[in-house]
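Reckoned from all heavy atoms, side chains included, excluding hydrogens, waters and symmetry mates. It should be emphasised that the depicted structure is a prediction, and the values quoted were computed from it without experimental measurement.
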Amino acid sequence: MAKLDLKIEYLPSVGPKVGKKLEKLGIKEISDLFYYFPRRYEDFSAVIKIQDLAREVADNWQNQLSFSVSGQILGISNKKTRRRGFTVTEGVIADQTGTLKVVWFNQPFLQKMLKTGSEIIFRGKVNFDSFSQDYVMEAPLWSRTRKIVPVYPETAGVSSFFISKLFSKASHFLDGIEEFLPAKVLIKYGLLDLKSAILKIHNPNNSEELKAAQRRFAFEELFLISLKSALTKEERRSLVAPSIEVVSSRIEQEIAGLPFKLTNDQTGALLDIAKDLRNKRPMSRLLNGDVGSGKTIVAILAALFVKEAGFKTLFMVPTSILAGQHYETFKRLFGSRMNIGLWTSERKELSVVSSQFTVSDQLSINKFKTDKLIEKCKLKIANCDVIVGTQALIQKGVEIDDVGLVVVDEQHRFGVGQRAALSEISHLSLPITHLNEKFQKVDPHFLSMTATPIPRTLHLALFGDLDISLIKEKPENRREIKTRFVESFNREKAYEFIREHFRHGRQAFVICPLIEQAEGERLKAESLFEEDRKSVASEFEKLKKVFPEFKIAMLHGKMKAKEKDQIMTDFALNQTQLLVSTSVVEVGVDVPNATIMMIEDAEHFGLAQVHQFRGRVGRGEHQSFCFLFSSSQSEKSLNRLRSLESTSDGFKLAEIDLETRGPGVIFGTDQSGMLSLKMASYSDYSLIKIASEAAKECALKISTLPLLQQKLDNFIHNSHLE
Ligand code: ADP
Ligand code: MG
């Protein structure tokens, strides 16, 4: 049997030199070639009559579609133009309904290739030529048969045509390909088998065949991602967690003692968590609620119950700013009843503070000192009930005993792109175990929280292993944040408005997409019309001049934690009135006196992300505002931004993001790993649904499906999901 892992260079007409080029495209073995899918197709199968062209062109003038016409060549000739070295090849073709002029530039050889009298299918854009007062097809592609021609991503020396030919030469290897999806799944969901699907995706006879092949591969991707989640979930089902009994009367008592009334959704989420904690299996729950919906209080109440059962809670946050803020909040609300500790870790320093242990150690990290420090920390940690910290320190291998609950706040900041299952953050990378009397390994319960509204399709596709609690309701006292798109000619007015608010003692944020304007940045700008993108550094300088009478600070992710903390503290105390920042403030900071959020180059961000920014204001008693600026010329992206004016529902905004810009923009990370699919779409609910249904079934009997297991391992490896 022909082997699929044969190196591509051993195929006839390839060799080492072309092999190297193919490798650049990711094609190393025959099987890679099979999975090297066309980027698009030129459809020579659906031809239209020449007499219908005028109408079709008129109907589709905005889209500049290509059309296919089948006709006989009545004549073809080369013409020299006045510009030297420039030839035009002109031809006239005819079908039963009319004639059409076709032209090419600088392809004189076509005159010999396309002989007068031959029947050819031409495909290209058609325009009305006002000079000849007739329709002309410009630089059409052509084919002698009515087929759908694949167009592959190319590289220097490897054309789409070459790849297509190569596929034909390699197609006998398809006999060696084995289906990894169970036959039952194929039948139940009406999917094409692997061999046929590969054949059809590269060589479809008609659009139905192409659709069937595309559906198979789209299913395959979603299925494999779901299978990974389902297996993770199964695995966690076999783990043991401490069963933490929370009696309902205790929950009611605590809720009643809060300074505000919990929303129904908050109470619901707390009850979900309490139910999970009672279980002997570790909880894997995602708490998903808009900015300001009050997730923190739910988590800290859970931590209280965990403490009462004799266990600790680890509270992981993405930034040291947020760690500090949570630490202060927890101390204020529960400091008299729980020992709260704070861990942050900077590049060179490691510091441990705790409300109970005022000692603060600052040692540079080398092996010896770290060990000593860890010993010291251990003692302190032993006395903490809740430890708030950043992820970095935990990865240094500090073991903490008696952890009953791990909370990950703003989980999407923890490199979602690299992980298929969030639960693994606690399950795999946290060296936290607890030995009970029977010397059984015990894992902590796991709660992740995110303000990123995750559309249900995305949740089902990516996080099938997590149970979900939604907080959709806002606390009663919230006012809507007035959001306005501001035209650039009104910029001065916006500054006046801000000045007025400063005079009344309020504060404002300005968010920019960049830290500094790198040299040559302008060249990199996506379009010619795009102005330089605003940077924190340059806006900071500019705004100092605009508001000389007020104090301005800047903040970005490249600053040291200490510096950032100082800047945030100053801002929180209203010692600075205006904070110019990158997206680092997106995450969690709470300054109730800040009432204006101004976003520069807003089109650069996802809607859900902008929504998070504006969640930084409107946290106090004052009416708050969000101003959006954009120098984009694209009507589409401006309209997209305008939806922020009318919608304050984060989930709705995320749906728009998903449909218009894909999942990457929702998480604010680059499209990588699981987020970049070749074939499937994360908004195709019906396909995601069946893929996850099938995955759940297969997960239960994976041990009997070795081919599927092998495929999954490869898939996980190749898409960096591990
Ligand atoms: P997020 O869900 O974005 O993390 P937080 O937990 O930071 O939101 O809550 C935002 C603010 O709302 C906090 O100051 C919190 O104390 C307050 N808060 C939470 N729940 C309620 C409620 N039910 N009523 C009034 N205020 C609340
Ligand atoms: Mg929060």
Next on the checklist: Is there a side chain to side chain contact (heavy atoms under 4.5 Å, CB included) between Arg640 and Asp657? Walk through the geometry before answering.
Outcome noted: CA-CA 9 Å; Arg640 202 174 55 85; Asp657 276 342; 3.8 Å; yes
Checklist entry - Taking the side chain as C-beta and beyond, is there a heavy-atom pair between Lys636 and Thr660 under 4.5 Å? => result no
Checklist entry - Within a strict 4.5 Å, meaning less than it, do heavy atoms of the Asp601 and Ser631 side chains meet? => result yes
Checklist entry - Given side chains that start at C-beta, do those of Asn714 and Phe180 come closer than 4.5 Å, heavy atoms only? => result no
Next on the checklist: Between the side chains of Glu697 and Lys184, is the shortest nitrogen-to-carboxylate-oxygen separation below 4.0 Å, so that they form an ion pair?
Outcome noted: no
Item to check | Leu166 vs Leu22, side chain to side chain contact (heavy atoms under 4.5 Å, CB included): CA-CA, chis, key distance, verdict | outcome: CA-CA 11 Å; Leu166 201 60; Leu22 286 169; 3.7 Å; yes
Checklist entry - Using a distance-only test with no angle check, is there a side-chain donor-acceptor pair under 3.5 angstrom linking Gln111 and Thr89? => result no
Checklist entry - Is the side chain of Asn127 donor-acceptor paired with the backbone N or O of Val136 at a distance under 3.5 Å, no angle test? => result no
Item to check | Side chain to side chain, Phe34 and Leu194, heavy atoms closer than 4.5 Å | outcome: no
Next on the checklist: Which heavy atom of Ser637 sits nearest to which heavy atom of Ser632, and what is that distance?
Outcome noted: OG-OG, 2.9 Å
Next on the checklist: Check this for me, if you would: do Arg216 and Glu179 make a salt bridge, where the nitrogen-to-carboxylate-oxygen distance has to be below 4.0 angstrom?
Outcome noted: yes
Next on the checklist: Using 0.5 Å steps for rounding, measure from the CD1 atom of Ile702 to the CG atom of Leu231.
Outcome noted: 5.5 Å
Checklist entry - Is the backbone N or O of Phe605 less than 3.5 Å from a side-chain atom of Gln609, with the two atoms forming a donor-acceptor pair by type? => result no
Next on the checklist: Run the side chain to side chain contact (heavy atoms under 4.5 Å, CB included) test on Met679 and Leu222 for me, step by step, so that the C-alpha distance in whole Å, both residues' side-chain angles and the decisive distance to 0.1 Å come before the verdict.
Outcome noted: CA-CA 9 Å; Met679 210 52 92; Leu222 295 167; over 6 Å; no
Checklist entry - Rounded to the nearest 0.5 Å, how far does OG1 of Thr145 lie from CG of Asn205? => result 9.5 Å
Next on the checklist: The test is side chain to side chain contact (heavy atoms under 4.5 Å, CB included); show your working for Glu603 and Leu638 and say whether it passes.
Outcome noted: CA-CA 7 Å; Glu603 82 282 2; Leu638 296 183; 5.9 Å; no
Checklist entry - Within a reach of under 6.0 Å around NZ of Lys24, are more than 12 heavy atoms found that belong to other residues, nucleotides or ligands? => result no
Checklist entry - Is the closest side-chain donor-acceptor distance between Thr97 and Asp95 under 3.5 Å? => result yes
Checklist entry - Taking Ser159 for the side chain and Phe162 for the main chain, is one N or O donor matched with an acceptor at less than 3.5 Å? => result yes
Item to check | Non-hydrogen atoms of Ala699 and Ala230 that approach each other most closely | outcome: CB-CB, 3.7 Å
Checklist entry - Would you call Lys701 and Glu234 a salt bridge, taking side-chain N to carboxylate O under 4.0 Å as the test? => result no
Item to check | Pairwise distance NZ(Lys101) to CG(Asp134) - rounded to 0.5 angstrom | outcome: 8.0 Å
Checklist entry - Under a 4.0 Å N-O cut-off, is there an ion pair linking Lys200 with Asp193? => result no
Item to check | Close side-chain approach of Lys233 to Asp467, heavy-atom, < 4.5 Å | outcome: yes
Checklist entry - Do side-chain atoms of Glu154 reach the backbone of Ser160 as a donor and acceptor pair under 3.5 angstrom? => result yes
Checklist entry - Side chain of Glu645, backbone of Phe485: donor and acceptor closer than 3.5 Å? => result yes
Checklist entry - Given Arg123, which of Ser143, Ser70, Ser68 fulfils the side-chain hydrogen bond (donor to acceptor under 3.5 Å, both in side chains) condition? => result Ser68
Checklist entry - Within the distance-only criterion (no hydrogens, no angle test), does the side chain of Thr647 pair as donor or acceptor with the backbone N or O of Asp649 below 3.5 angstrom? => result no
Checklist entry - Is it the case that more than 12 heavy atoms not belonging to Tyr10 sit under 6.0 Å from its OH atom? => result no
Checklist entry - So, Gln133 side chain and Ser130 main chain: donor-acceptor pair closer than 3.5 Å or not? => result yes
Item to check | Atom of Leu687, atom of Ala218 and distance for their closest heavy-atom approach | outcome: CD2-CB, 3.6 Å
Checklist entry - Minimum heavy-atom separation for Leu641 to Ser630, with atom names? => result CD1-CB, 3.8 Å
Item to check | Close aromatic pair by centroid cut-off 6.0 Å: Phe217 and Phe219 | outcome: no
Item to check | Lys28 backbone acceptor or donor facing Asp32 side chain under 3.5 Å | outcome: yes
Next on the checklist: Any heavy-atom pair between the side chains of Phe715 and Lys228 that's under 4.5 Å?
Outcome noted: no
Next on the checklist: Under a 3.5 Å distance rule, please check whether Ser171 uses its side chain to pair with a backbone N or O of Ser168 as donor and acceptor.
Outcome noted: yes
Checklist entry - Does one side chain, of Gln709 or Asp713, offer a donor that lies under 3.5 Å from an acceptor on the other? => result yes
Item to check | ring-ring contact (aromatic ring centres under 6.0 Å, His included) pairs, two or more places apart, involving residues 69-110 | outcome: Trp104-Phe122
Next on the checklist: Measuring only between side-chain heavy atoms, which start at C-beta, is Leu110 closer than 4.5 Å to Trp142?
Outcome noted: yes
Next on the checklist: Strictly distance-based, threshold 3.5 Å: is any side-chain N or O of Glu90 a donor or acceptor partner for the main-chain N or O of Ser77?
Outcome noted: no
Next on the checklist: Measuring from atom CD1 of Ile93 to atom CD1 of Ile120, what distance do you get when rounded to the nearest 0.5 angstrom?
Outcome noted: 9.5 Å
Checklist entry - Where do Pro12 and Lys169 come nearest, in terms of heavy atoms and distance? => result O-CD, 4.0 Å
Checklist entry - Hey, what do you get for CG (Leu712) to CG (Leu705), rounding to the nearest 0.5 Å? => result 11.0 Å
Checklist outcome for this item: residues 191-210 vs ring-ring contact (aromatic ring centres under 6.0 Å, His included), sequence neighbours excluded, gives Tyr152-His202, Phe167-His202
Checklist entry - How far apart are the closest heavy atoms of Leu708 and Cys698, and which atoms are they? => result CD2-CB, 4.1 Å
Checklist entry - Ile50 versus Tyr135: any side-chain heavy-atom pair under 4.5 Å? => result no
Item to check | Lys711 NZ/CZ over Phe223 ring centroid, <6.0 Å and within 45° of normal | outcome: no
Checklist entry - Does a donor on one side chain sit under 3.5 Å from an acceptor on the other, for Ser45 and Asp43? => result yes
Item to check | Gap separating the CZ atom of Phe173 from the CG atom of Asp175, nearest 0.5 angstrom | outcome: 10.5 Å
